[in-house]
Amino acid sequence: MLDIKFIRENPELVKQAIANKNEKADIDKLLELDEQRRKIIVEAEELKAKKNKVSAQIPQLKKAGEDISGLLAEMKQVSDEVTALDKKLREVEEELNQILYFIPNMPHESVPVGKTADDNVVVREWAPEGFSFDEDKKFLNHIELGKKLNILDFERGAKVSGSGFPVYIGKGATLERALINFMLDYHLNEHNYTEVFPPFLVNKESMRGTGQLPKMAEDMYYIEKDELYPIPTAEVPITNLHRNEILNESELPKQYVGYSACFRREAGSYGKEARGFLRVHQFNKVEMVKMVKPETSYDELEKIVNDAEDILKALKIPYRVLLLCTGDLSFAAAKCYDLETWSPAENKWLEASSCSNFEDFQARRAKIRFKREGEKKPEFVHTLNGSGLATSRLMVSLLENYQTGDGKIQVPEVLQRYTGFQTIE
RNA sequence: GGAGAGGUGGCAGAGUGGUUGAAUGCGGCGGUCUUGAAAACCGUUGAGGGUUCACGCCCUCCGGGGGUUCGAAUCCCUCCCUCUCCGCCA
């Protein structure tokens, strides 16, 4: 959420930012409500001050034996007016929030302005030694490989749950588990994160805190009976760990890494793009979350991208880093890098990680603050997160890149001590 | 799921209708004393909002929400959470 004061002082900037993000919000209406709100507050507080003053005098007057019935009647009137004004204030604030909660974050000045994914900028590419984009070579895609080697079963997943719920079997399941453990260990040992194993169901306040609600409600699963949401990413429970808290400056930066299953309805996405692992309702992801001092957040963003890249380098999977343009930037993000891994069978890049700086957008919603040494006023932290990484897309690239000419899979070297086997055949 | 107890400031813990944002203790910060430190003593120590160029002034907050009252941490309703006992259970 943006600071209402900032919007008040920079309405044109905000309008431009929203337009650049291909979003809509009625800023003029918002400012009108804001003014109305403050007017009501002034009026109500004057009455409250009067009420408090008189109420304090009443016991003395009573003690002195004076007749206060007239005063009581008058105060009753004042009290009723206050109640009416407070009610009006709540209504105005609700209307105001209805707009405010739907306003996206402002893109950082370093983010290229653009309409669609075509306007994203390739920052760098990486590939292991000896790699080439070999278009002549015949590659089986991950679905074919999964079937042939009996390690993935999309049909049975559809039977048990529905389409988009893949099942890993045998060495496929082991490989998936190995991948998750490898990534967690790597971030713990090489990158100095604190491990978190979060709940997979969260409440409404948490979903609002990180910005999934109210705007993305349609993309979430919801368990009505208990008013809980299956998480779309571990970002939600981990960032909300410190909701409504004031941290000490010395505690920052907070660096968490956690595994979770992720649940997404993916309403409205069908067809070719949804084949196999490319778009699923449940997948596994290792997520990095940081809470940092504002002045360091853009350095931290670069670090988090590097941390995700290190995993791909260790796995020796070709990838590229994309800087997203304003139009492709998600609702809560100020700046975002995507990591895309190469899929030789699809002959294209697949998004396997997304690393974002949210600045104080989430922190303001979730009230995550910190206090500087010697300062009185708490400030909002900056929050960041990055997938490090999502296994489903990564698994596509892994299987396809590590297939041998005769349709077997060579297990990446760094995973072998986790799998206990070197090949899948 | 049933029965009971409870949720107050960083922590502990008073407070059951009237200047209580809240006693007291601990902790934190500042000071006196000291070569320095400890002890002792004195002072200070929450958040949000409105208004103001500013000093300041005002409002709100004692788990969340609503209500009674001129006035609520204190009374009523409701929801949430924690603890104890019983039941059920991976």
Side-chain angles (χ1 to χ4, degrees), chain A residues 1-9 30-97 100-101 197-209 213 222-229 237 240-252 254 261 291 360-381:
Chain A
M1 164 166 79
L2 295 180
D3 185 358
I4 183 75
K5 277 185 200 149
F6 178 83
I7 301 174
R8 204 185 289 152
E9 285 157 19
L30 178 80
L31 293 176
E32 191 189 311
L33 287 165
D34 175 49
E35 207 175 309
Q36 217 176 321
R37 168 179 166 268
R38 284 180 296 154
K39 233 164 103 184
I40 295 170
I41 288 174
V42 170
E43 205 178 328
E45 288 192 350
E46 266 170 27
L47 288 175
K48 281 180 189 173
K50 180 179 176 187
K51 186 178 93 170
N52 289 342
K53 221 169 179 176
V54 174
S55 290
Q57 290 167 348
I58 283 178
Q60 273 125 328
L61 294 174
K62 228 176 181 174
K63 214 182 279 172
E66 295 194 27
D67 175 26
I68 54 171
S69 57
L71 198 57
L72 291 188
E74 190 192 331
M75 283 303 107
K76 169 75 181 156
Q77 179 103 24
V78 171
S79 185
D80 287 346
E81 279 174 53
V82 168
T83 306
L85 281 171
D86 278 347
K87 182 169 173 245
K88 177 78 184 152
L89 180 64
R90 275 204 298 275
E91 286 165 9
V92 169
E93 283 187 331
E94 194 167 318
E95 206 178 333
L96 187 147
N97 287 334
L100 196 56
Y101 275 120
F197 207 127
F200 291 179
L201 302 181
V202 298
N203 57 31
K204 196 167 283 174
E205 288 70 38
S206 293
M207 287 296 252
R208 193 168 24 227
L213 288 180
Y222 181 53
I223 299 163
E224 205 165 332
K225 194 166 184 186
D226 299 290
E227 298 186 77
L228 290 168
Y229 295 83
N240 277 282
L241 242 32
H242 296 291
R243 175 154 47 85
N244 291 330
E245 289 186 20
I246 299 176
L247 304 166
N248 290 326
E249 181 178 14
S250 59
E251 293 176 77
L252 301 179
K254 289 270 186 199
M291 291 163 217
D360 62 7
F361 189 84
Q362 293 181 328
R364 180 170 288 109
R365 285 182 171 233
K367 292 200 180 69
I368 306 170
R369 292 170 291 177
F370 77 104
K371 204 182 269 190
R372 288 184 202 271
E373 206 69 43
E375 293 287 326
K376 290 208 86 165
K377 261 222 167 309
E379 297 173 46
F380 290 112
V381 300

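Protein chains get the first letters and strands the later ones, always in sequence-line order, with residue 1 at the start of each.
B/G27 sits 8 Å from B/A39 when the P atoms are compared, rounded to a whole Å. Distance check on atom C1': B/G6 versus B/U60 gives 26 Å, rounded to whole Å. For B/G36 and B/C55, the P atoms lie 37 Å apart once the distance is rounded to whole Å. For B/U45 and B/U24, the C1' atoms lie 16 Å apart once the distance is rounded to whole Å. If you take atom C1' in B/G9 and the same atom in B/C26, they sit 13 Å apart, rounded to whole Å. Spacing between B/C61 and B/A73 at atom P, rounded to whole Å, works out to 7 Å. Comparing the P positions of B/A14 and B/G50 gives an interatomic distance of 37 Å, to the nearest angstrom. Straight-line distance between the C1' atoms of B/G25 and B/U19: roughly 26 Å, to the nearest whole Å.
Closest to the side chain of A/I41, from the set B/A47, B/G49, B/G66, is B/G49. Proximity note for A/A49 (side chain, C-beta onward) versus B/U51, B/G46, B/C58: the nearest is B/C58. If you check B/C70, B/U51, B/C58 against the side chain of A/S79, the one that comes closest is B/C70. For A/M75, counting side-chain heavy atoms from C-beta on, the closest listed nucleotide (B/C70, B/U51, B/A47) is B/C70. Counting only heavy atoms from C-beta on, A/R8 has its side chain closest to B/G50 among B/G50, B/U69, B/A47. Relative to the side chain of A/K76, the nucleotides B/C70, B/G50, B/G46 differ in distance, and B/C70 lies closest. Of the candidate nucleotides B/C59, B/G66, B/A47, B/A47 has the atom nearest to the side chain of A/K371. Among the nucleotides B/U51, B/C70, B/G48, the one closest to any side-chain atom of A/R38 is B/U51.
The shortest side-chain heavy-atom distance between A/L100 and A/I7 falls under the 4.5 Å cut-off. Between A/M291 and A/E245 the shortest side-chain heavy-atom distance does not fall below 4.5 Å.
Between the CD atom of A/E227 and the C1' atom of B/G64 there is a distance of 13 Å, rounded to whole Å. In this entry the distance linking CG of A/D80 with C1' of B/C70 reads 11 Å, nearest Å. At whole-Å resolution of the value, CD in A/E46 and C1' in B/C57 are 12 Å apart. With rounding to whole Å, A/Q77 atom CD is found 13 Å from B/G71 atom P. Between the C1' atom of B/G9 and the CG atom of A/N244 lies a distance of 16 Å, rounded to the nearest Å. Between the NZ atom of A/K367 and the P atom of B/G49 there is a distance of 9 Å, given to the nearest Å. We find that CD of A/E43 is positioned 16 Å from P of B/C59, with the value rounded to whole Å. Atom CD1 of A/I368 is separated from atom P of B/A47 by 18 Å (rounded to the nearest Å).
Using a 4.0 Å heavy-atom distance criterion, A/K87 is classed as making no nucleic acid contact. No contact: A/K39 has no heavy atom under 4.0 Å from any strand.
Not one N or O on the side chain of A/R372 forms a donor-acceptor pair closer than 3.5 Å with the backbone of A/E249. Not a single donor-acceptor pair under 3.5 Å links the side chain of A/N248 to the backbone N or O of A/S250. Between the A/R365 side chain and the A/Y101 main chain, a donor and an acceptor come within less than 3.5 Å of each other. Of the possible polar contacts, one joining the A/N203 side chain to the A/S206 backbone as a donor-acceptor pair under 3.5 Å is found.
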Requested in this report: Any chance you could lay out the salt bridge (Lys or Arg N to Asp or Glu O under 4.0 Å) test for A/D80 and A/K76, step after step, and finish with the verdict?
Outcome: CA-CA 6 Å; A/D80 287 346; A/K76 169 75 181 156; 3.7 Å; yes
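Contacts of residues 52-60 of chain A with RNA chain B (heavy atom under 4.0 Å): A/N52, A/S55, A/I58, A/P59, A/Q60.
With RNA chain B read from its 5' end, the first of the two nearest nucleotides for A/K48 and A/K62 is the one closest to A/K62.
In terms of phosphate contacts, A/R90 brings a side-chain nitrogen or oxygen within less than 4.0 Å of OP1 or OP2 of B/G66. Neither OP1 nor OP2 of B/C58 sits under 4.0 Å from any side-chain N or O of A/K50. Side-chain nitrogen and oxygen atoms of A/K377 include at least one within less than 4.0 Å of the OP1 or OP2 phosphate oxygen of B/G48. Between A/R369 and B/G48 there is a side-chain N or O to OP1 or OP2 distance below 4.0 Å.
No donor-acceptor contact under 3.5 Å links the side chain of A/K51 to the base of B/G71.
The pairing partner recorded for B/G17 is none, the criterion being a Watson-Crick or G-U wobble arrangement whose two distances lie under 3.5 angstrom.
With salt bridges taken as basic N to acidic carboxylate O contacts below 4.0 Å, none links A/K51 and A/E81. Salt-bridge annotation for A/R38 and A/D34: present, with a side-chain N of the basic residue lying under 4.0 Å from a carboxylate O of the acidic one.
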